[in-house]
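First the structure, in the form of structure tokens, and then the observations on it.
Each chain gets a letter, A, B and so on, in the order its sequence line appears, and its residues count up from 1.
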Amino acid sequence: MPGVKYQQYESLDYAQIAAEVLTYWNQNQVFEQSVAIRDGQPTFTFYEGPPSANGTPGIHHVMARTIKDIFCRYKTLQGFQVERKGGWDTHGLPIELQVEKELGITKDHIGKPESEGGISVEDYNRKCRETVMRFTDQWNDLTQKMGYWVDLDNPYVTYKNEYIESVWYLLKQLYDKNLLYKGYTIQPYSPKAGTGLSSHELNMPGTYKDVRDTTIVAQFKVKPSGKSGFLFFDSADADIYILAWTTTPWTLPANSALTVGANIDYVMVKTINPYTHVVVHVVMAKNLVGRWLNEKGKVDSRNSPAFDAYLPTDKITPWTIVSEFKGQHLEGIEYEQLMPYVQPDKPAFRVILGDFVTTEDGTGIVHTSPTFGADDFRVAQAAGIPPIMVKDETGKDVPIVDKHGQFVDEITDYAGRYVKEEYYSDEEREDPDFKPTDVLIAIKLKEENKAFRVEKYEHPYPHCWRTDKPILYYPLDSWFIRTTAKKDRLVELNKTINWQPESTGTGRFGNWLENLVDWNLSRSRFWGTPLPIWRSETGEEVCIGSVDDMKKHVAKAQESGKLTAEQQAKNGEFLQKLASGDYDLHRPYVDEVYFVSESGQVMQRESDLIDVWFDSGAMPYAQWHYPFENQDIFKKAFPADFISEGVDQTRGWFFTLHAIGVMLFDSVAFKNVVSTGLVLDKNGNKMSKRLGNAVDPFATLAKYGPDATRWYMITNAEPWDNLKFNTDGIGEVQRKLFGTLSNTYNFFALYANLDKFSFAGRTVPVAQRPELDRWILSKLQSLVLEVEEQFDSYNPTKAGRAVQDFVNDQLSNWYVRLSRRRFWQGELTTDKQAAYETLHECLTTVSQLMSPIAPFYADWLYRNLTGIGTNDASVHLTNFPVANQNLIDTELERSMELAQQVSSLVHSLRKGHKLKVRQPLSRVLVPVLNTDTRRQIEHVSPIIMSEVNVKAVEFVDDASGILKKKVKPNFKALGPKFGKQMKDVAAVITAMTPEQLKQLEEANSLQLGAYDLQLADVEILTEDIPGWLVASEGGLTVALDVNVTDELRGEGIARDFVNRVQNLRKDRDFSVTDKIRIELERNDETLATAIESNQEYIRQEVQAVSLDLVSDLNGSAVEIEMDEFQLRLKVDRV
RNA sequence: GGGCUUGUAGCUCAGGUGGUUAGAGCGCUACACUGAUAAUGUAGAGGUCCGUGGUUCGAGUCCACGCAGGCCCA
């Protein structure tokens, strides 16, 4: 169609639209432009949490990235410059595992010669490097197709030398501030393999096996003191013991505390020790008494003769509960060391509180040895209880069990003994005199009246997958970041972060900070950022903070003359590579670099790699190779204004970003954060490739297009709630929102083209536009405010839903439907011009408001609206609409709401009486009790009249005297006044007589029975008009006059007739503008009269130049049924 | 075991500060409209608001204890 301004569409393929728009963006570099045009504007900084590219992207990535994209686009529209640097997370265990799987090897093979089926660290790491970027093509493809705008041309990559160097710089800063130190953690350790085990290795099938261990309930003797005073009922000489059960008796010499639960109920029991037969008082959890004492032995008093009568041969031991108390009362009680081989350097042997204590087994009191239990270590450290340690030859603190699993010399009775019997050879264990160490300990404790019960107990226990021997929980060297030193500041600054949802920040993250422990940085792996610390055997150490640092240390070492020839050669090799620029800061190369200390000792790199989370937490700095380059860029881009990741990152990326930012820069690293929930399948199950319920993002985008997919994900559930992903929902969004919007646009385009309308700003002042226009424009301004507010508070769901409601309920279903007539009738009048301008403005604004969520479709819509021939535009280059608050007319909005309500009620009544809308009726009657409502409805009565096809809207007010009023108690007002008397008051009000009500209305108050009522205490409404058909809803009542006069009947017939003719026109493919001639056979007087008396109306509606009633059509007529009439007519184009 | 979180119609979700008739969309049923028409409109059916106790004149809403799902951590 030549000369057409607005493209019209027959049918739409939304995926195709997106593909075309993508091409357009790429050709015109719209993304780059959107950033460039904001040059010089305030920046809005976004940090991309780097995805690991070692696997294919899933649908949840579309979700996560949509959130990121939305706010970056929104802020761009608002005039900020929003740079988005992409990034890749490339280190870590998942990649190592992937490589090992592909090569069919295990960690054991790494570093072994090829002849033994091994692989060198060099080759292994090369393989990791290749693997990790293998899927980047797919990721880039997804990024494009889903419309995520991020700079993929210059991403940061965590394995690059520059990135690592920045990380080293940060570590050096921490080191210099004494925030990086070497300590230990309790980890699973295999003495026979001589190595620690990762949790992954511990989770391998078959590692947990049932074993029968010797277990001991030990008696820890309470020292009398102020704290323990309440236990000593009448005599300070009483023997009071706290009972603690252990499945690892060998750890008892390392006991330094007992842990109880603060809210657990404990009792003190008087009974007799089964091995020594002496009377003892023992403390244990109340509901575990039955686990250790036979009910038959229970006596009712501690003075019971049963205690004296007890004989060592008796099977049943007498016992009785002496007192009962909560665990918190036990806190601080001191006891005598159970096995006093080694003395700690600080006060120990106290009862402390721990959150991990249960009463499911044992005694409800946990024997605590900080060197052999992770929980133990944690609670002891928190309570300031020292571990039991001895000094090794170099003066270093070591545990009382060595790395082979043998007791050290200081444990004199058992020195050199293996703590687990499985560590002995089979021959040794077969010796008839062989006794496991646990048994020896049990015997000793029994003899010393320190064991309350010794028994075999079967339970699952982890074993080393390599040696098949039980593992030990054992302290292993680790490097830590002293996060606890900055805990207060971390907590304080966290409070300045805007978390969405808030509970993640205060709850999950806040609690995590409150219970902070030092960050264990060490990982015993191969593919990762090496810890930049070199150490000599005597503990001299140096931490380097740059490649240059390293070079200097190597050069110095080369000159020292302390290195072996081989070390010299390796160093030389590395220096050479540095000089050529072809170097690698990974293992094994950095391991083959040797420094020399001040005192002339050779220093080697600590073999640890660092936690990959440090890599990602370092991205604000390392992505710019700060401080070696780009210092100015960094300063502008720190901290981030906005980040978003899954809620599972709370203790991952969110924490590491925050920790590094606070510890080194005393600043938050991000100001606003949206933590997103999971994407589940439609049944609420976790998606997994293994189960086959994972949704392929590419297939989804291809089928539904990115816009509907994004819109569905955003509006269906708030981002932090889990999303049950159901593709049916995308289809619904497509039909409901995009379909309606496209229809609305097409409607506009159809008539705009016919009238050769071309939008050129507001030519008709809003004040001069009809009610309906002013109403939708008012709604539009309100929408802009709402959307802006929701985006500003990082709630895209509410923003999207607001747009959706506007498009469906207000714009399409009300404005367009009621305005259709204005578009299709007559010439381009001012009224019509106003309609075009109004609709155009609504659509354009909607395209802007929705563009962050549905970027392709919004741009398509926007560019269609700007007209064919405009080729340099994009909605993403516009400024966010500014609401004109002067156009907001709440009175009008309220009026229209009433119009919608009244119409709905009338429709309902018509339906109930089978009166179709085409049949005009004379009037509706609306009872109104206040003038406001009356005015508001009067305002829109023309709309109501045309919508429900009635001739008049009339009002009945109080003065008419025919209103039947109903009075209801207003509970909200009555509540505070009458409280408990409410039921009675309500009854009195409901029973009020019309006279009393009248009195109340006139006097504004009324004494009713015992109650003094105000007018505001009741709600008055009308639900009935005697003799009328009424419907009411929400306090609004409508009555309909259903009398059909002959005249109305005639009009109804005329309308039906118009309808049939219109159908005919359409069947014959007449154009909208074609004029016709009609001849109708006169075969019924009612029909003829109706047609004749509505001639004018009919001719106008169907564009007829003539309408003649003839007696005979000579058989050339068309026959059509119309209710009880048989139409015979002839219609011709002029 | 702990922290956080969710539970409202067949499905997906709304329901400030407690107020007596708990809403929407989809789906379903029926009807209307037929110049937005592979559209559209209207109406109807459909609910022990997860359970049990408690606070209150009044609880989907507040409190306690549970149950079930989810995430993270032990």
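Salt bridge absent: A/E789 and A/K798 never bring a charged side-chain N and a carboxylate O closer than 4.0 Å. Under the 4.0 Å criterion applied to side-chain N and carboxylate O atoms, A/D805 and A/R801 are not assigned as salt-bridge partners.
In this structure B/U48 sits in no base pair that meets the Watson-Crick or G-U test at under 3.5 Å. Base pairing of B/G53: its partner is B/C63, meeting the Watson-Crick or G-U wobble criterion (both donor-acceptor distances under 3.5 Å). Searching all strands for a Watson-Crick or G-U wobble partner of B/G1 with both distances below 3.5 Å returns B/C73. When both pairing distances are held under 3.5 Å, B/G58 makes no Watson-Crick or G-U pair with any nucleotide shown.
Annotation: ring pair (Phe, Tyr, Trp, His ring centres under 6.0 Å) contacts of A/Y1097 (sequence neighbours excluded): none. The ring pair (Phe, Tyr, Trp, His ring centres under 6.0 Å) test applied to A/Y461 returns no partner, not counting sequence neighbours. Scored by the ring pair (Phe, Tyr, Trp, His ring centres under 6.0 Å) test, A/W653 finds no partners at all (sequence neighbours excluded).
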What are the atom names and distances for every N/O pair under 3.5 Å that joins the protein to nucleotides 62-64 of chain B?
none

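One interatomic measurement links the two molecules: CD of A/E514 to C1' of B/G2, which rounds to 16 Å at whole-angstrom precision. Between the P atom of B/U37 and the CZ atom of A/R817 lies a distance of 16 Å, rounded to the nearest Å.
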>> Output one letter per nucleotide in nucleotides 26-33 of chain B: B when a protein non-hydrogen atom lies under 4.0 Å from the base, S when only the sugar-phosphate is that close, - when neither is.
In response: SS-----S
> Could you write nucleotides 68-74 of chain B as a row of B, S and -, 5' to 3', where a protein heavy atom under 4.0 Å of any base atom gives B, of only sugar-phosphate atoms gives S, and otherwise -?
Replying inline: --BBSSS
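Side-chain to base pairing of A/S812 with B/A36: one donor and one acceptor N or O lie within less than 3.5 Å of each other.
Of the side-chain N and O atoms in A/N746, none sit less than 4.0 angstrom from OP1 or OP2 of B/U37. Applying the 4.0 Å criterion to OP1 and OP2 of B/A39, one finds that A/T740 has every side-chain N and O outside that range. For the pair A/N515 and B/G3, the criterion of a side-chain N or O lying under 4.0 Å from OP1 or OP2 is not met.
Here A/V816 lies in heavy-atom contact (under 4.0 Å) with a base. In this structure, A/N813 reaches the sugar-phosphate backbone alone: every heavy-atom distance under 4.0 Å involves primed, P, OP1 or OP2 atoms, never a base. Among the atoms of the strands shown, base atoms are found under 4.0 Å from some heavy atom of A/R820.
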>> Could you go through A/F654 and A/W499, starting from their C-alpha distance and side-chain angles, then the distance that decides it, and tell me whether this counts as ring pair (Phe, Tyr, Trp, His ring centres under 6.0 Å)?
In response: CA-CA 11 Å; A/F654 294 154; A/W499 284 85; 5.5 Å; yes
> Checking ring pair (Phe, Tyr, Trp, His ring centres under 6.0 Å) for the pair A/F377/A/F372: CA distance, chi angles, key distance, verdict?
Replying inline: CA-CA 8 Å; A/F377 176 73; A/F372 300 118; over 10 Å; no
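Of the residues near RNA chain B, A/Q1062 and A/S904, the one whose nearest nucleotide (by heavy atom distance) lies more toward the 5' end is A/Q1062. Toward the 5′ end of RNA chain B lies the nearest nucleotide of A/V357, the other residue of the pair A/V357 and A/N808 mapping further downstream.
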